[in-house]
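Notes to accompany the following structure.
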Amino acid sequence: MTQTTAGTAASTNGRTQRNRFNEVPASVSYPDMEEAILKLWKNKNVFQRSMQEREGGPEYVFFEGPPTANGRPGIHHVLARAFKDMFPRYKTMQGYHVLRKGGWDTHGLPVELEVEKQLGLTGKDQIEEYGVAKFNQMCKESVWEYLSDWEALTERMAFWVSLEDAYVTMNNEYVQSLWWILKQLWDKGLLFEGYKVVPYCPRCGTPLSSHELSLGYQEGTVDPSVYVKFAVKGEDDAYLLAWTTTPWTLPGNAALAIGEEVDYLKVRDSSGATLYVAKELAENVLEPGYEPLAEMKGAALVGKEYHPLFRFGPPVDERYAYVIAADFVSTADGTGIVHIAPAFGADDLAVGQAHNLPVFHTVDASGCFKPEVTPWAGLFVKDADPHITSDLKDRGLLYKAGTYEHTYPFCWRCETPLIYWAKETWYLRTSEFKDRLVALNNTINWVPDHVRGGRFGRWLENNVDWALGRDRYWATPIPIWKSDAPGSDYKECVGSVAELAEKSGRDLSGLDLHRPYVDDITWPAPDGGTMRRVSELCDVWFDSGSMPVAQWHYPFSNQDQWETYKQADYICEAIDQTRGWFYTLHAVSTLLFDRPAFKNVICLGLILAEDGSKMSKSKGNVVDPWQVFADHGADATRWYMYTAGPPGNARRFSGNLVAEVKRRFLNTLWNTYSFFVVYANLQEAQDGTGDGANATEVSAEAALQDRWLQSELNRLVRDVTAAYEAYDVTAATRPIADFVDELSNWYVRLNRRRFWDGDAAALSTLRNTLVTVSKLLAPAIPFISEEIYQNLVAGLEPDAPDSVHLADWPQFDESRIDDRLHADMALAQKVTTLGRAARESVALKVRQPVQKVVVRARSQDENAGLERLSDLLLTELNVKELGLADQAGDLVDLTVFPLPKQLGQKYGRGYPVIRSKFAEMDQRQLAARFDAGESVTVEGEGQDYVVEPEDVEVRRTPRAGLAVAEDGGYLVAVTTTLTPELEMEGHARELVRRIQQLRKDSDLDISDRIKLTLSDSPLLSSLLSAHRDYIESETLTLDVALRSDFGEVSNSDTVTFSLGEEEITVGLEKA
RNA sequence: GGGCCUGUAGCUCAGUCGGUUAGAGCACUGUGCUGAUAACGCAGGGGUCCGUGGUUCGAGUCCACGCAGGCCCA
């Protein structure tokens, strides 16, 4: 056999004259094989044809969630792409036309930050100084930094997606579609400018959307914890005690909030000062030695005025620095008195607006104190915390200070701690559509199911308006122009380049729809000012969420495609997209079209390192997909992804785990395939028919085996198809592995003799099975399935498609599924296993025949099944007769087992009574009554229980002289006494095994004929006289000689071993 | 603090409608079989089915409350 490890079928170097099928190495390098398949696909243009040849078929719509190509693809991308790939492939084989349009996400902060790093810029001032045009040009180029990695990885793992006509979010066409969408939303009154406190990254100079915010929480963040004394007006040395972890917000303080129903204490502390604090928290907060003075409800404190801690900037008209009531005040932590800074908290702003409090903007857009905050002007707020604390301390207004550990949000890109900051920005009014978002979501098929009502559903129920605006450079400009006339609020939204050209009266045909170019377009406003674009850009999530529309440049072109592809049948991403792409797709589609953007979605769990921890660069436990592909191949990697566990669960990943599925599944499949080719070619060489044109007589036993395999195969096709239809990936893959295991270790093993004999039925059954399996596997592991298909089908059958991926999905024939045979065979396997265990227990080798096996099954039906398969059982267990325990008479002991299900349902608490009563009775008598069809009445306390024969199982346990094994109610026993005839037969088989081993060791071809020389002895001569034909035919022996002296034998291989009581020597040479 | 998910052998996972003794693979040890197989069979050790309580004749399975881990949100 060739040592080439790859390039079998794929490197179609022509089938030899002698062989119908290309030779298949027993041991294969999957990576090399896969590379050869990649070439084949390229040469035959298979991917393109998989789309072209299905044109005219029903459409199956897949949306690609666009990755960003400015980061290296990792193993989690392989996970997502493996799941993305399989359904388009499956549907294509089902006859659907599946357009696999790719996409790239190209805008946004990640790109900008990368460029900033390259240029050594820090912050927006430096970018503006550098020049926005040049900066954005750099962004445009940087986007493709790792494009070739992405393309190579995509191809290598066989994710079939059209990258050549991928949508690109930064292209003018794409941006123009976004403008059209925004105009639609504008016309519906859904775009508005609002004053809101937002999580804000001072480093990046932009607010973060809630889905961005969710990316950057860090546990265990240590912040200052300060208890501040607010001096009450009109009370001597009396203070309201408030707690904060952000001292920098104190100069923005406008009020203190209490809970109206909360109980408060007025206490005198050891220094003599009077303090107000929530009663429940007093003990935690206050230093020991305080003395309660009074107790009151929070309502009693409302309206109390205090001296502001600080006061900077111009005077304000509004009243401030007094106690208000707010329902969010709790006694979970702090002091029960909450410091309110409307500029720096969402709750604060809301309650501030309700009370008409002033908003003290003490912090600028870079997170530094403004000039009017004189002591700390220009200082970054987090850096100012200690200064403010010590200032308070110096002024006697600090009660105590320490640190506090909590979960705090950081910028998901630059890791700067976020601040909450009131900002004027553009919003999309999604909250108005909350009910529709929820209702439409309920029509989507989520896998796993719980995401619909769980994480995603909850998220929708708590919907807040989408903060769309970004104060950055590299993204889609919000196409709203505003009059700059003093006091003017005149705005227009522009929905296309043509509209902009008309308004501005300029030819804009070459305009780049990015900053700074769009900002240069102005026109006179009707109110005398000039129309200038608002400064903000669009959240990049809006880009990807709009891809159903924008990927077609709709409505400016491709109206037909849009109509066809406007709603996805299937999308797939990881769970982290719940608030990302899943949400933005759903939101845009709901607001614009009032329909879901996708019908089916697989939501993947996260990928973890082998030890279950998170993969991260800092831990150094990141797995490089290229390494895994090089070690084990893409098929093995994909197969692991599909079968490792439910898709929605987090899964561990490592090369070792992939190696395991390779060994366990791929090697088994490959070996079966290789086995088939060897014997099919052998048959071909002998009579030129190969896969079974020469119909030979098939025994009933063989026919049964073939029928069983056909039945199992049809069952498999049925189940796998159903699983694909249900988007149940685990159920679409795991059963194939189980089937292949049965195919290899049951069907092939049992029928080995038939293959050796060139049995046409066996060869064609196996070939048909392998071909069907390769089709079932094609969507999951596209390489090995192609390899098998290429060798066994393509080019051999005149009408066969060129590739398994151009072939039709297998159909199943319900009439060929034989449930009884299925059950019979499963039982036979169980019994075989137990029989071997029984032999094991007394060290009886399987090749030593024994007289009888006695089986106890669990029902008469099963007994009948055993009888139907008795030939098989006799062969497998190497016994002469099969007995059933209930006919075995005195060979067995009896026990009566009351069945819990029947009796439990009938009598409930009577069951244990019956059970204990039965245990006290004579089993043989009891069994006899049930066997005779009688019912037995058991007397319980105050109630009699009638037990019918069908309520019990009479168990028969073989007695002495038998070796026994038992499991799950089944019992198998074999006789252990050996007659001389049985012993002799065992010796014959032993001798054959030794000769076969010697043949193998002598490197003989499997069809070589031999001459045997055996040492002369009484045992061997009687063995030969009894079993000569058997020995000769098994070992392809033409001639046997017995001789006493082996010294004369030359040119032959010998082996010496003990057989029975004797030492035997065997020599062989090629005939 | 809230939501969602997960918890079964050292590891990866099954476990149907609540019902007989909770299974498989990997790993380990022993052993056997084999002219396809670097494969396979068999045996052994290895289990607080996360815990507690409840429902039930009977709970890995249903319910409640916890615990731990993960993810998300505040």
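The sequence lines fix the lettering, A, B, ..., with proteins before strands; numbering per chain opens at 1. These figures come from a predicted structure and were not determined experimentally.
Put simply, the side chain of Asn791(A) gets close to the backbone of Asn22(A): a donor and an acceptor are under 3.5 Å apart. A donor-acceptor pair under 3.5 Å is absent between the side-chain atoms of Asn463(A) and the main chain of Lys434(A), judged by distance alone. Distance alone, capped at 3.5 Å, places no donor-acceptor pair between the Asp951(A) side chain and the Val947(A) backbone.
Comparing C71(B), G25(B), A36(B) by their closest approach to the side chain of Arg752(A) singles out A36(B).
Taking only distance into account, the side chain of Arg455(A) meets the base of C71(B) through a donor-acceptor pair shorter than 3.5 Å. Judged by distance alone, with hydrogens and angles left aside, Ser744(A) brings a side-chain donor or acceptor within reach of the base of A36(B), the pair sitting under 3.5 Å.
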Validation: residues 738-746 of chain A side-chain donor-acceptor distances under 3.5 Å, sequence neighbours left out:
residue	atom	partner	partner atom	Å
Asp741(A)	OD1	Asn745(A)	ND2	3.1
Glu742(A)	OE2	Gln829(A)	NE2	3.3

May I have the list of side-chain donor-acceptor pairs in residues 448-456 of chain A shorter than 3.5 Å, sequence neighbours left out?
residue	atom	partner	partner atom	Å
Asp449(A)	OD1	Arg452(A)	NH2	2.3
Arg452(A)	NH1	Ile444(A)	O	2.5

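Between Phe21(A) and Phe676(A), the ring-plane angle classifies as tilted under the 30° and 60° cut-offs.
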Please encode protein proximity along nucleotides 57-63 of chain B as a string of B, S and -, counting only heavy-atom distances under 4.0 Å. B------
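Within the 4.0 Å cut-off from OP1 or OP2 of C4(B), at least one side-chain nitrogen or oxygen of Arg458(A) is found. Look at Arg663(A) and you won't find any side-chain N or O under 4.0 angstrom from OP1 or OP2 of A38(B).
Here, C71(B) and G19(B) have their C1' atoms 37 Å apart, quoted to the whole Å. Spacing between G44(B) and A59(B) at atom C1', rounded to whole Å, works out to 30 Å.
Taking the nucleotide of RNA chain B with the nearest heavy atom to each of Leu743(A) and Leu899(A), the more 5' of the two is matched to Leu899(A). Nearest-nucleotide assignment on RNA chain B puts the 5′-proximal partner with Leu903(A), out of Arg749(A) and Leu903(A).
Looking at heavy-atom distances under 4.0 Å, Val451(A) makes no contact with the nucleic acid at all. Across all strands, Arg734(A) comes closer than 4.0 Å only to sugar-phosphate atoms, never to a base (heavy-atom distances).
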